[in-house]
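Given the structure is predicted, the values throughout are model-derived calculations rather than measurements.
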Amino acid sequence: MLVFSTGRSCISYKKLRKKKPLLTPDITVMSVGTEIAYGEEMIPDEGWVQYLNHKWDRNIVLEETAKFPQLKFQAESAQRPHKVSFFVGNDEAQEVIKVLPKRLENRGLDVKIIYSGGEALDVLPQGAGKGQALAYLLKNLTSDGKQPVNTLVCGDSGNDAELFSVPEVYGVMVSNAQEELLQWHAENTINNPKIIHASERCAAGIIQAVGHFKLGVNKSPRDVMDISDDRIKTIHPSHEVVKFYMFYERWRRAEVENSEHYMQNLKEVSHLSGIFVHPSGVERPLHDCIDAMRMCYGDKQGIYFRVWVDRVSAAQIGSDAWLVKFDKWESSEEGSNCCLVTALLSSKNAIPSGFTWVHVHQTWLTGYRVEDEQSWLF
């Protein structure tokens, strides 16, 4: 299960998704832990809303914070029912943090103040926050009989600190984490073996932590040079899909050797009579598509070009047949394009990866069609 926990509001988060290649999470926690939404439809958790209403009155918060001229409102899109957000410098923020909670307590509220990034100050209900939202989710999942086997939290800023305080979770602060989080780490979790400060940046730091805590494969599919030389204990068709498209990206960026060996490997995992249905509707044998891919080696070298897959789901529909559905994205300097993919894979022990591609059918996602359809290979 993938959960995004962000300080961004719902509006800001949705704008970011249109600009950046983000995977679709199972759960989204937004506005510094004050909003929880489920699935692609982002269905709100009404139980969490009711919980946060305890000893909270947004109007009173606005009245009291108006008495601090050093607080400057963030954009209207950042203001939420259970979050009032400001910009303020570090020294002035410390003054506000010392005085404001007591004033609000005297008016019957119970709040917390989170300061992050050296400029952002958020006033929230006491029960809110990224850590409390995570604890709430873990409790609910356990009550539903879906207790997670392992939970890894990842962060880089001050408003992530609470995540690392949730009992029984593993945690990683990426190497490029902000000073405020590293200071909190030094003061609170430096001797906790389940919390590490990674030596790698961003997503690489997360992968490093997955390996460090032995939670899974600690190598990105993007780093697999030879798709036939990827040895994992548990073979799954979803992994096969991701592995193929990451190799496809590296081939067109000339980040792997231009070797006939790789092309033969692709043909070995493609059924001899397999068919690829292009988003335009044109049908071609899979082996012909691999030959076309051979001719495009390095055509994206030195320019921005990324490929990723999202919303991958796999269902076994026979003793050796799997139906895999996913979104396949390509991003370049011209923008992003996407098609919806349905693939039929056959599981064969004789194949090194365990799977053979039998049929691939693609259709354009509305609004993301490629102008030059001949440039879309797979």
Side-chain angles (χ1 to χ4, degrees), residues 1-9 12-13 15-17 19-33 36 78 90 114-122 129-135 137-138 148-224 242 246 249-250 255 304 306-310 329 331:
M1 177 175 285
L2 175 65
V3 180
F4 285 165
S5 188
T6 175
R8 291 174 178 267
S9 68
S12 177
Y13 167 72
K15 287 182 179 179
L16 181 67
R17 283 192 61 83
K19 296 179 181 179
K20 300 293 183 179
L22 297 178
L23 297 179
T24 301
D26 300 281
I27 302 174
T28 312
V29 180
M30 297 161 288
S31 301
V32 199
I36 299 175
N90 187 64
I114 295 180
Y115 186 63
S116 61
E119 62 173 3
L121 186 144
D122 299 310
K130 290 186 175 183
Q132 282 85 340
L134 172 58
L137 288 172
L138 291 173
V149 176
N150 292 301
T151 302
L152 173 67
V153 300
C154 321
D156 69 347
S157 70
N159 66 23
D160 294 318
E162 288 185 357
L163 290 170
F164 300 98
S165 298
V166 177
E168 300 181 0
V169 304
Y170 296 96
V172 54
M173 300 169 189
V174 293
S175 69
N176 55 304
Q178 296 175 7
E179 184 59 36
E180 64 207 22
L181 182 61
L182 298 181
Q183 182 177 344
W184 181 90
H185 172 53
E187 295 172 355
N188 295 277
T189 63
I190 193 67
N191 295 317
N192 185 345
K194 299 182 75 173
I195 308 295
I196 66 169
H197 179 204
S199 59
E200 300 287 343
R201 291 173 50 84
C202 306
I206 298 173
I207 294 174
Q208 179 184 354
V210 169
H212 176 84
F213 295 119
K214 296 179 171 58
L215 303 180
V217 179
N218 65 339
K219 186 175 185 179
S220 167
R222 202 171 247 118
D223 295 330
V224 176
V242 173
M246 293 304 94
E249 174 195 282
R250 295 180 70 89
E255 293 177 348
Y304 175 72
R306 287 297 185 191
V307 177
W308 71 98
V309 295
D310 187 22
W329 289 85
S331 181

Requested in this report: Dump the intermediate steps for side-chain hydrogen bond (donor to acceptor under 3.5 Å, both in side chains) on E187 and Q183, then the final yes or no.
Outcome: CA-CA 6 Å; E187 295 172 355; Q183 182 177 344; 3.2 Å; yes

**Report entry** Criterion side-chain contact (heavy atoms from CB on, under 4.5 Å) on V174 and C154, from CA distance to verdict
**Finding:** CA-CA 7 Å; V174 293; C154 321; 5.6 Å; no

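- Counting heavy atoms from C-beta on, the side chains of V3 and P25 never come closer than 4.5 Å.
- Checking side-chain atoms of Q208 against main-chain N and O of E200 turns up a donor-acceptor pair under 3.5 Å.
- No side-chain heavy atom of I195 sits less than 4.5 Å from a side-chain heavy atom of N188.
- Taking CG of L152 as the start and NE2 of H212 as the end, the distance is 10.5 Å to the nearest 0.5 Å.
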Report task. Evaluate the side-chain contact (heavy atoms from CB on, under 4.5 Å) criterion for residues L16 and L22: first the C-alpha distance (whole Å), next the side-chain angles of each, then the deciding distance (0.1 Å), finally the verdict. Result -> CA-CA 8 Å; L16 181 67; L22 297 178; 4.0 Å; yes

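- A 4.5 Å side-chain heavy-atom check between F164 and N192 finds every atom pair outside the cut-off.
- In this structure, I190 and H185 have side chains that are in contact, with non-hydrogen atoms separated by less than 4.5 Å.
- One finds the CG atom of D156 at 10.0 Å from the OG atom of S175 (value rounded to the nearest 0.5 Å).
- Residues M30 and T6 have side chains in contact (heavy-atom distance under 4.5 Å, counting atoms from C-beta outward).
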**Report entry** Working for side-chain contact (heavy atoms from CB on, under 4.5 Å), residues N90 and Y115
**Finding:** CA-CA 9 Å; N90 187 64; Y115 186 63; 3.4 Å; yes

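- In this structure, CG in L137 is found 4.5 Å from CD1 in I36, a value given to the nearest 0.5 Å.
- For NZ of K194, the number of neighbouring non-hydrogen atoms (other residues, nucleotides, ligands) closer than 6.0 Å is greater than 12.
- Distance check: M173 CE to S157 OG gives 11.0 Å after rounding to the nearest 0.5 Å.
- We find the CG-CG distance between L2 and L23 to be 6.5 Å, quoted to the nearest 0.5 Å.
- For the side-chain contact (heavy atoms from CB on, under 4.5 Å) with L163, the qualifying choice from V153, T151, V169 is V153, the only one to do so.
- Separation of atoms NE2 (H197) and OG (S199) is listed at 8.5 Å; rounding is to 0.5 Å.
- The closest side-chain heavy-atom distance from W308 to V242 is not below 4.5 Å.
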Query raised in the report: When you look at S31 and S9, which way does the side-chain contact (heavy atoms from CB on, under 4.5 Å) test go after all the steps?
Result: CA-CA 5 Å; S31 301; S9 68; 3.9 Å; yes

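- Side-chain atoms of M1 and I27, non-hydrogen and from C-beta on, do get closer than 4.5 Å to each other.
- Using cut-offs of 30° and 60° on the angle between ring planes, the pair F213 and Y170 is tilted.
- When all heavy atoms are compared, the tightest approach of W184 to A161 is CH2-O, 3.4 Å.
- Residues K130 and D160 approach most closely at NZ-OD1, 2.5 Å, considering heavy atoms.
- Here the closest non-hydrogen pair linking G155 and A177 is O-CB, 4.4 Å.
- Heavy-atom minimum distance, R8 versus Y13: CB-N, 4.1 Å.
- Using a 4.5 Å cut-off on side-chain heavy atoms (C-beta onward), E162 and I114 make contact.
- In terms of heavy atoms, C202 sits closest to N176 at N-OD1, 3.0 Å.
- The minimum heavy-atom distance linking G33 with A133 is given by the pair O-CB, 4.0 Å.
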